[in-house]
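The structure appears right after this line, and notes come after that.
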Amino acid sequence: MAEKTTKKTMKREREGSPMRTVSLHHFHDTENSQSLDVSCSEVMQEEYGLYVWPCSVVLAEYIWQNRQRFVGSRVIELGAGTALPGVVAAKVGASVVLTDREDQPQMQRLTWGQWNDKAFALRHPGQVVLGADVLYASKDFDDLLATVKFLLLGMPDSVFITTYQPRSGHRSIEYLMAKWGLQCTQLLDAADFLPASKLSALSNSVELVEVKSHN
């Protein structure tokens with residue numbers, strides 16, 4: 001299996017506006033002669049949420065390689081941004097809800113650590129919650145894991161799958177997971193499943209972890 005990423009730069013809409021690009025992502029399964037192409041719009045500016053980061057590509061590849069697991073499943077992506085993992089999940093047959101901050105109107109709005117009727121409607125048994133590089137800023141860890149706990153609580157078949165780059169702030173993650181009653185059920189390094197062509201493009205290590213709620 002292999003995945004290739006190329007980018008095409010687009011013109012600015014007007015002078016002084018952010019540069020927009022489109023990244024093209026190709027997924028291929030040589031054994032079964034199956035392939036998938038996904039394009040993502042990106043905005044090159046200080047607001048990094050609208051850029052396809054390596055963690056998103058790694059999570060999308062994991063979904064592609066395990067696509068039978070996602071067929072017919074319910075999926076929620078947290079902090080979706082360009083939403084590459086969520087789009088791949090939808091392409092392979094999942095029912096997907098993309099969520100992001102209040103200032104991302106094209107997606108369902110979900111602010112971590114805040115609950116309203118729309119947040120309660122996201123709770124569903126047997127669903128997969130995705131998050132690519134959401135473990136970035138340590139100041140957000142509590143709100144993120146509280147949200148994950150909220151979505152998984154009382155849902156024994158639900159799971160949170162996230163990819164992240166190990167950083168110094170991650171020393172607190174184990175403590176916070178215990179605090180919120182969460183447990184790691186699987187931990188993989190990107191090198192365990194990423195195609196060689198894509199692994200060589202990573203400048204830093206990326207890990208994938210699956211998390212469930214204790215209750």
Side-chain angles (χ1 to χ4, degrees), residues 55-56 58-81 83-90 92-102 107-167 169-190 192-193 206-215:
C55 286
S56 292
V58 172
L59 183 53
E61 180 68 29
Y62 178 81
I63 294 168
W64 167 252
Q65 292 188 19
N66 295 274
R67 54 194 177 278
Q68 292 302 319
R69 175 183 180 181
F70 291 85
V71 174
S73 66
R74 177 182 169 88
V75 171
I76 296 175
E77 184 173 2
L78 303 179
L84 177 60
V87 171
V88 172
V92 300
S95 173
V96 179
V97 177
L98 303 175
T99 71
D100 213 317
R101 303 169 310 186
E102 294 291 322
M107 300 179 186
Q108 181 162 330
R109 299 176 182 180
L110 178 65
T111 300
W112 300 340
Q114 298 181 16
W115 324 125
N116 53 31
D117 290 342
K118 289 185 177 181
F120 276 93
L122 293 175
R123 285 173 45 80
H124 196 277
Q127 71 181 354
V128 180
V129 182
L130 301 175
D133 213 8
V134 289
L135 291 167
Y136 178 77
S138 57
K139 64 180 179 61
D140 296 327
F141 287 177
D142 250 323
D143 287 340
L144 169 65
L145 294 178
T147 300
V148 171
K149 179 66 175 185
F150 170 77
L151 294 172
L152 302 185
L153 183 63
M155 309 291 180
D157 295 327
S158 294
V159 63
F160 174 52
I161 307 177
T162 184
T163 47
Y164 65 94
Q165 294 182 351
R167 302 179 177 95
H170 291 148
R171 289 175 294 186
S172 63
I173 293 176
E174 185 175 354
Y175 163 77
L176 289 174
M177 284 181 59
K179 171 184 174 181
W180 290 105
L182 300 169
Q183 61 179 353
C184 173
T185 58
Q186 179 173 226
L187 177 64
L188 297 173
D189 189 277
D192 294 334
F193 62 90
V206 174
E207 294 183 348
L208 180 144
V209 62
E210 295 198 19
V211 174
K212 287 193 171 184
S213 174
H214 281 305
N215 48 43

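We count residues from 1, following the sequence as given.
The side-chain heavy atoms of Val148 and Trp112, taken from C-beta on, include no pair separated by under 4.5 Å. Between Val129 and Val159 there is no side-chain heavy-atom pair separated by less than 4.5 Å. A 4.5 Å side-chain heavy-atom check between Leu130 and Ile63 finds at least one atom pair inside the cut-off. Using a 4.5 Å heavy-atom cutoff, the side chains of Tyr164 and Val206 are not in contact.
The line from OG of Ser138 to CG of Leu176 is 9.5 Å long, rounded to the nearest 0.5 Å. Atom-to-atom distance recorded for His124:NE2 and Ile76:CD1 is 9.0 Å, nearest 0.5 angstrom. Rounded to the nearest 0.5 angstrom, Arg101 CZ and Met107 CE are separated by 10.5 Å. Annotation: the span from Ser73 atom OG to Arg67 atom CZ amounts to 14.0 Å, rounded to 0.5 Å.
The main-chain N or O of Gln127 is found under 3.5 Å from a side-chain atom of Ser158 such that the two form a donor-acceptor pair. For the pair Arg123 (side chain) and Phe150 (backbone), a donor-acceptor distance under 3.5 Å is present. A donor-acceptor contact shorter than 3.5 Å links the side chain of Gln65 to the backbone of Phe193. A distance-only check finds no donor-acceptor pair linking the side chain of Thr163 to the backbone of Glu207 [under 3.5 Å]. Side chain of Thr162 to backbone of Leu135: no donor-acceptor contact under 3.5 angstrom is found. Between the side chain of Asp100 and the backbone N or O of Gly81, at least one donor-acceptor pair lies under 3.5 Å.
With no hydrogens or angles considered, a side-chain donor-acceptor pair links Ser213 and Lys149 at under 3.5 Å.
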query: Lys118 and Arg109: side chain to side chain contact (heavy atoms under 4.5 Å, CB included), yes or no, with the steps?
result: CA-CA 8 Å; Lys118 289 185 177 181; Arg109 299 176 182 180; over 6 Å; no
- prompt: Val97 and Leu122: side chain to side chain contact (heavy atoms under 4.5 Å, CB included), yes or no, with the steps?
  reply: CA-CA 9 Å; Val97 177; Leu122 293 175; 3.9 Å; yes
task: Decide yes or no on side chain to side chain contact (heavy atoms under 4.5 Å, CB included) for Phe160 and Leu151, but give the supporting numbers first.
output: CA-CA 9 Å; Phe160 174 52; Leu151 294 172; over 6 Å; no
task: Could you walk me through whether Met177 and Val211 pass side chain to side chain contact (heavy atoms under 4.5 Å, CB included), step by step?
output: CA-CA 9 Å; Met177 284 181 59; Val211 174; 3.9 Å; yes
Donor-acceptor pairs are to be reported for all side-chain atoms of residues 180-189 against protein atoms at under 3.5 Å, with residues two or more places apart or in another chain.
{"from": "Trp180", "atom 1": "NE1", "to": "Asp142", "atom 2": "OD1", "distance (Å)": "2.8"}
{"from": "Thr185", "atom 1": "OG1", "to": "Glu210", "atom 2": "O", "distance (Å)": "3.3"}
{"from": "Gln186", "atom 1": "NE2", "to": "Tyr62", "atom 2": "OH", "distance (Å)": "3.4"}
{"from": "Gln186", "atom 1": "NE2", "to": "Glu210", "atom 2": "OE2", "distance (Å)": "2.8"}
{"from": "Asp189", "atom 1": "OD1", "to": "Ala191", "atom 2": "N", "distance (Å)": "2.8"}

